[in-house]
Amino acid sequence: MLTGRQAAILVLLGGMFWLSALAYLRGLPQLLTDPFWNPLNFASTVSVAWTAVYLIRRLAGLAPEQLMAGVGLVGTVVMVADGLVLNWFPRVYGPDDTVSRLAGAWLLWGYGFSLAAALLMARAGQGAAAVGGDAPAQSPAQSPAAVTPP
């Protein structure tokens, strides 16, 4: 469960990430429409997604078990903003429908990779905590061996 402070930080990060993506799209729309730059733009998004998840984790102070929820909240903010803009104000992303469509595709691609990165980082973090002994000790009543099936 996220604390109120973490949730506020995550909502702010969502807004900042959305504004950053908007500035990128407005400043360099040719990276979406040019046949040479478009695939490179999509490929470079993988490293941006990893960096974004790392920043989300660090700036909001998320534990491994909170990472998916945190990235999900940031994703909710940016996807709601994208949905509103793409439906009612598509020219915000670019001068024509092609740029807006490609911007939407690029944004979805980035969100997908961000979620995948969060899943991998959360699993790695939980595995490291279990191996390193940082995992909280379970009482006998909580251990899976103590649970009897009905």
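What you see is a predicted model; the values in this text were computed from it and never measured. For reference, positions follow the sequence shown, starting with 1.
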Where [X] and [Y] come nearest, the two heavy atoms and their spacing:
{"X": "Val99", "Y": "Gly94", "answer": "CG1-CA, 3.6 Å"}
{"X": "Gly70", "Y": "Leu62", "answer": "CA-CD1, 3.9 Å"}
{"X": "Leu67", "Y": "Met121", "answer": "CD2-CB, 3.6 Å"}
{"X": "Ser114", "Y": "Ala49", "answer": "OG-CB, 3.5 Å"}
{"X": "Leu107", "Y": "Ala21", "answer": "CD2-CB, 3.9 Å"}
{"X": "Leu86", "Y": "Ser100", "answer": "CD2-O, 3.6 Å"}

Exercise for review: Check ring pair (Phe, Tyr, Trp, His ring centres under 6.0 Å) between Trp37 and all other residues, then give those that pass, not counting sequence neighbours.
Suggested key: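 Trp37 satisfies ring pair (Phe, Tyr, Trp, His ring centres under 6.0 Å) with no other residue.
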Review point. Under the ring pair (Phe, Tyr, Trp, His ring centres under 6.0 Å) test, which residues partner Phe17, sequence neighbours left out?
Key: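 Per chain and number, Phe17 pairs via ring pair (Phe, Tyr, Trp, His ring centres under 6.0 Å) with no residue.
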Exercise for review: List for me each residue that meets side-chain hydrogen bond (donor to acceptor under 3.5 Å, both in side chains) alongside Gln6, sequence neighbours excluded, and say none if there are none.
Suggested key: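 Listed in chain order: Thr3, Gln66.
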Check your understanding: Mind checking what makes side-chain hydrogen bond (donor to acceptor under 3.5 Å, both in side chains) contact with Trp106, not counting sequence neighbours?
Key ->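 Only Thr45 meet the side-chain hydrogen bond (donor to acceptor under 3.5 Å, both in side chains) criterion with Trp106.
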If you define the side chain from C-beta out and look only at heavy atoms, does anything of [X] sit under 4.5 Å from [Y]?
{"X": "Leu32", "Y": "Gln30", "result": "no"}
{"X": "Trp109", "Y": "Asn41", "result": "no"}
{"X": "Leu120", "Y": "Val53", "result": "no"}

Review point. Hey, what do you get for CG (Leu25) to CG (Leu102), rounding to the nearest 0.5 Å?
Key: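 With rounding to 0.5 Å, CG (Leu25) is 10.0 Å from CG (Leu102).
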Review point. Out of curiosity, Leu31 CG to Phe36 CZ, how far, rounded to the nearest 0.5 Å?
Key: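 The distance works out to 10.5 Å.
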Review point. Quick check: are there more than 12 heavy atoms from other residues, nucleotides or ligands sitting under 6.0 Å from CE of Met79?
Key: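 Yes - once you tally the heavy atoms of other residues, nucleotides and ligands closer than 6.0 Å, there are more than 12.
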Practice item. List for me each residue that meets salt bridge (Lys or Arg N to Asp or Glu O under 4.0 Å) alongside Arg101, sequence neighbours excluded, and say none if there are none. Key: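 Checked Arg101 against salt bridge (Lys or Arg N to Asp or Glu O under 4.0 Å); zero matches.
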Check your understanding: Please, which pairs that meet ring pair (Phe, Tyr, Trp, His ring centres under 6.0 Å) have at least one residue in residues 67-93, sequence neighbours excluded?
Key ->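 Qualifying pairs: none.
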Review point. Which of these, Val74, Leu73, Ile9, Thr51, sits in a side chain to side chain contact (heavy atoms under 4.5 Å, CB included) with Ile56?
Key: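 The side chain to side chain contact (heavy atoms under 4.5 Å, CB included) with Ile56 is passed solely by Val74 among Val74, Leu73, Ile9, Thr51.
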**Study point:** Hydrophobic cluster identity match, Val48 and Val71, side-chain contacts under 4.5 Å
**Key:**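 As far as the 4.5 Å side-chain criterion goes, Val71 and Val48 are not connected within one cluster.
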